[in-house]
Amino acid sequence: MISIKFYGLGGQGVVTAGKLFSEAISLYEDKYAITVPAYGHERRGAPVNTSIIVDEKPVLINSFVYHPDIVLVMDSTIIDKGIDISQGIHENSILILNTEDVNVLNTYKKYNFKEIYYVDGTQIALKNIGRGIPNGSMLGAMAGTGLLTIESIEKTIRESFGEKAGEKNAKAAREAYERIKKM
């Protein structure tokens with residue numbers, strides 16, 4: 001079983017990313033996944049997180065993730081809003097971070113993740129879709145870790161977002177994937 005936590009701000013597609021990730025795993029990776037979002041009536045820009053559990057056999061628990069194996073951060077300012085992205089991590093936990101800023105990267109290194117993958121998902125999104133919504137590009141970064149294939153992510157994005165938006169977001173996912181693979 002792999003436990004994952006996505007963190008970000010309202011409007012960045014955190015909940016959608018969790019849903020798409022679970023669909024990609026369930027439909028194209030021959031595994032099972034469950035997604036449990038955590039958000040309320042907050043406005044755009046408020047902290048949001050999504051818990052995902054992936055397994056080889058059916059996931060029979062419907063719970064938040066308290067001890068994540070992987071943490072994905074879509075907005076590096078989330079820690080400035082009082083969110084502890086390291087809560088419950090262990091010695092083998094991995095961080096996937098939306099930044100290419102060395103100062104931000106150094107700040108996140110203090111959390112003692114075993115590995116850190118990073119890419120500027122927001123810039124990739126701006127370049128490919130014309131909006132700073134990094135969910136597609138960060139799903140590509142997720143694929144870059146080897147947990148699932150980029151083809152599964154691309155196919156799920158295209159099917160969910162439709163032809164035009166799907167193609168642009170799939171292209172953003174592929175670009176982030178390629179950058180992560182070069183690390």
Side-chain angles (χ1 to χ4, degrees), residues 1-25 29 31-39 42 45-55 59 61-125 133-148 150 152-153 172-173 176-177 179-181 183:
M1 184 176 337
I2 300 171
S3 299
I4 305 164
K5 197 85 165 191
F6 286 6
Y7 289 98
L9 302 177
Q12 293 181 310
V14 176
V15 173
T16 300
K19 178 180 172 273
L20 292 175
F21 179 82
S22 288
E23 286 179 15
I25 288 285
E29 297 289 324
K31 296 177 187 171
Y32 299 88
I34 188 166
T35 303
V36 181
Y39 62 96
E42 294 90 350
V48 175
N49 72 72
T50 297
S51 295
I52 305 163
I53 300 170
V54 175
D55 204 345
V59 179
I61 55 174
N62 191 11
S63 170
F64 293 121
V65 167
Y66 296 103
H67 301 284
D69 301 304
I70 300 171
V71 173
L72 182 141
V73 175
M74 286 201 203
D75 192 302
S76 63
T77 66
I78 194 90
I79 58 175
D80 299 333
K81 298 181 183 319
I83 304 300
D84 181 3
I85 57 98
S86 69
Q87 185 174 13
I89 68 168
H90 51 78
E91 68 276 356
N92 292 316
S93 293
I94 295 169
L95 173 65
I96 304 166
L97 182 60
N98 178 6
T99 192
E100 285 188 352
D101 183 318
V102 175
N103 294 323
V104 170
L105 191 56
N106 287 334
T107 298
Y108 273 82
K109 284 181 179 177
K110 73 179 180 186
Y111 291 109
N112 296 318
F113 283 90
K114 180 180 179 182
E115 294 178 67
I116 298 177
Y117 296 88
Y118 59 95
V119 65
D120 194 338
T122 302
Q123 281 305 112
I124 291 171
I133 302 173
N135 58 353
S137 52
M138 294 309 291
L139 286 172
M142 200 61 173
T145 68
L147 184 59
L148 75 168
I150 186 61
S152 295
I153 289 292
Y177 168 80
R179 289 189 190 182
I180 290 288
K181 292 307 287 180
M183 294 184 136

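With no hydrogens or angles considered, a side-chain donor-acceptor pair links Thr122 and Asn98 at under 3.5 Å. Counted by atom type alone, Lys19 and Thr35 present zero donor-acceptor pairs between their side chains at under 3.5 Å.
No donor-acceptor distance shorter than 3.5 angstrom exists from the side chain of Tyr117 to the backbone of Leu72, with no hydrogens or angles considered. Within the 3.5 Å criterion, the main-chain N or O of Asp69 finds no donor-acceptor partner in the side chain of Ser3. Distance alone, capped at 3.5 Å, places no donor-acceptor pair between the Asp120 side chain and the Thr99 backbone. With Thr145 contributing its side chain and Ala141 its backbone, the two residues share no donor-acceptor pair below 3.5 Å.
In this structure, the side chains of Ile4 and Val54 come closer than 4.5 Å at one or more pairs of heavy atoms.
Ring geometry for Tyr111 against Phe113 counts as perpendicular: the plane angle is over 60°, on a 0 to 90° scale with 30° as the lower cut.
Environment of CD in Glu115: crowded, with over 12 heavy atoms of neighbouring residues, nucleotides or ligands closer than 6.0 Å.
Interatomic distance, CD1 of Ile25 versus OG of Ser152, reported as 7.5 Å (0.5 Å rounding). With rounding to the nearest 0.5 Å, the separation of CZ in Phe64 from NZ in Lys5 is 7.0 Å.
The salt bridge (charged side-chain N to carboxylate O under 4.0 Å, His left out) analysis of residues 98-107, with sequence neighbours excluded, yields the pairs Glu100-Arg179.
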Begin from the C-alpha positions of Ile153 and Met142 and carry the test side chain to side chain contact (heavy atoms under 4.5 Å, CB included) through to its verdict. CA-CA 9 Å; Ile153 289 292; Met142 200 61 173; 5.8 Å; no

Test side chain to side chain contact (heavy atoms under 4.5 Å, CB included) on Asp75 and Gln12 and set out the steps. CA-CA 8 Å; Asp75 192 302; Gln12 293 181 310; 3.0 Å; yes

